[in-house]
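Please read all numbers here as calculations on a predicted model, not as lab measurements. To find a chain, count down the sequence lines: A is the first, B the second, and so on, and within it residues start at 1.
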Amino acid sequence: MRSARIIRPVNSLVFVCDQLGGLTPSWQKDQQILWTDTCISIACYPEQDGPTEVILGTSEDVDAGHAPQFDGLLKIPTGILSVQNVIHEPLLAMAVSSPIVRVQVWLNHPRWANKVTIGVS
Amino acid sequence: MRFGQEHQLLYQLYDRIERKYSPDQPRVPRGNPDGGQWTSDGHVRNGRQDPRILSDVTPDRIDSGTQYTQSRTRGAFGRVVINGQQVEPSPAQQARLTVVEAQAREAIRRVQELDPKWQPAPSAYESVEGLIAAYRADARQARERISELQQVGIGPGPFAGESIPARGPERDFSAAERREVNRIGSEKGCHTCGIANPGTPLENFVIDHQPPTAWNPLSRSQRLYPQCISCSSKQGNWISRNGGRR
């Protein structure tokens, strides 16, 4: 299973969390990925410079073929994982079978990623 | 207008009362209960709505053309109730109360344009001087809140210079708007942190709506400012942490 969108998110940020939201991690300068146990924040390609492709699917289906930049557990109490923008509008979503899931994030560039791949298992 | 200038008349009044004497200031005519006391020069006219004051003296009705010498001479802070006791501030204290109350009200208004539910933490006081200090504390808290919001990109930042009007909340910027915001950014830097380098791969500044579209509770008209990628990210993080759109 795999879904994708090409977006220019406001503030060049997307968040991976339960559909009802999570605790957004505290901001840290120059950190591409930040996380709490309920929310992962991912910096996209700067919106005014170009779009970012965001891909969501099972890790098996979307594995980028290199070590992920993030690999951790995320609480999804409602069973619907959501990729959202800063105002919590859903961009992508997928059903998960467990209230705690393993999430992996691959970026295609260490600083200016214009392809963000989110794998769930 | 610089913050505080709008209270210039109040400052002047305060200064005059602190000096205790002004040759131009009228006095209550001899034979009246307040005979010999300074009368109001008319600059202190705002009422007081602070719930901490349990009962202000209500000024008598003023008829056009009537000479009057009643409690109005004490201004809006003729009497205040502190711990259940009626206290009569001195003229100097009344003037200071008027000034600090106006400053606090203005500072809180500025915060509430961006954060309507914000209120300063309540202060306890047991004297008129304590009440004055409480108003000062309110104003200080409001200024700190404004600064805190500015640091995260809510409201034009401390380095904000020129800006251009936004056509709307959308981000469908024209080439001309991009050029203009980049020009302002190259001259003035990021409006939030002042840095001259936008920190983006193509060296374009982020075009930042102010108030931010996601945080514009009063639907005020927006302007566009240059912002660096780091401050844009911080702003987005703060908006998300604070529940998204307002």
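Across A/Gln28, A/Glu47, A/Arg8, the residue that shares the most heavy-atom pairs under 4.5 angstrom with chain B is A/Glu47. The candidate from B/Asn237, B/Ile207, B/Val206, B/Ile229 with the greatest count of non-hydrogen atom pairs under 4.5 Å with chain A is B/Asn237. Ranked by non-hydrogen atom pairs under 4.5 Å with chain B, the options A/Pro9, A/Gly50, A/Ser26 are led by A/Ser26.
Considering only heavy atoms from C-beta on, B/Ser123 comes within 4.5 Å of B/Asp138 through its side chain.
Counting only distance, with no hydrogens or angles, the side chain of B/Ser174 and the backbone of B/Glu177 share a donor-acceptor pair below 3.5 Å.
The parts of B/Leu202 that come within reach of chain A are both its backbone and its side chain, each placing non-hydrogen atoms under 4.5 angstrom from that chain. Heavy-atom distances place no part of B/Phe173 under 4.5 Å from chain A, backbone and side chain included. Residue B/Arg241 touches chain A through both its backbone and its side chain, counting heavy-atom pairs closer than 4.5 Å. For a residue to count as touching a neighbouring chain, one of its non-hydrogen atoms must lie under 4.5 Å from one of that chain's; by this rule A/Gln84 does not touch chain B.
Classified by interplanar angle (parallel below 30°, tilted 30° to 60°, perpendicular above 60°), the ring pair B/Tyr225/B/His191 is tilted.
With salt bridges taken as basic N to acidic carboxylate O contacts below 4.0 Å, none links B/Arg110 and B/Glu106. Note on B/Arg220 versus B/Glu113: salt bridge recorded, some NZ/NE/NH1/NH2 to OD/OE distance being below 4.0 Å. A salt bridge links A/Arg102 with A/Asp71; the closest basic N to acidic carboxylate O contact falls under 4.0 Å.
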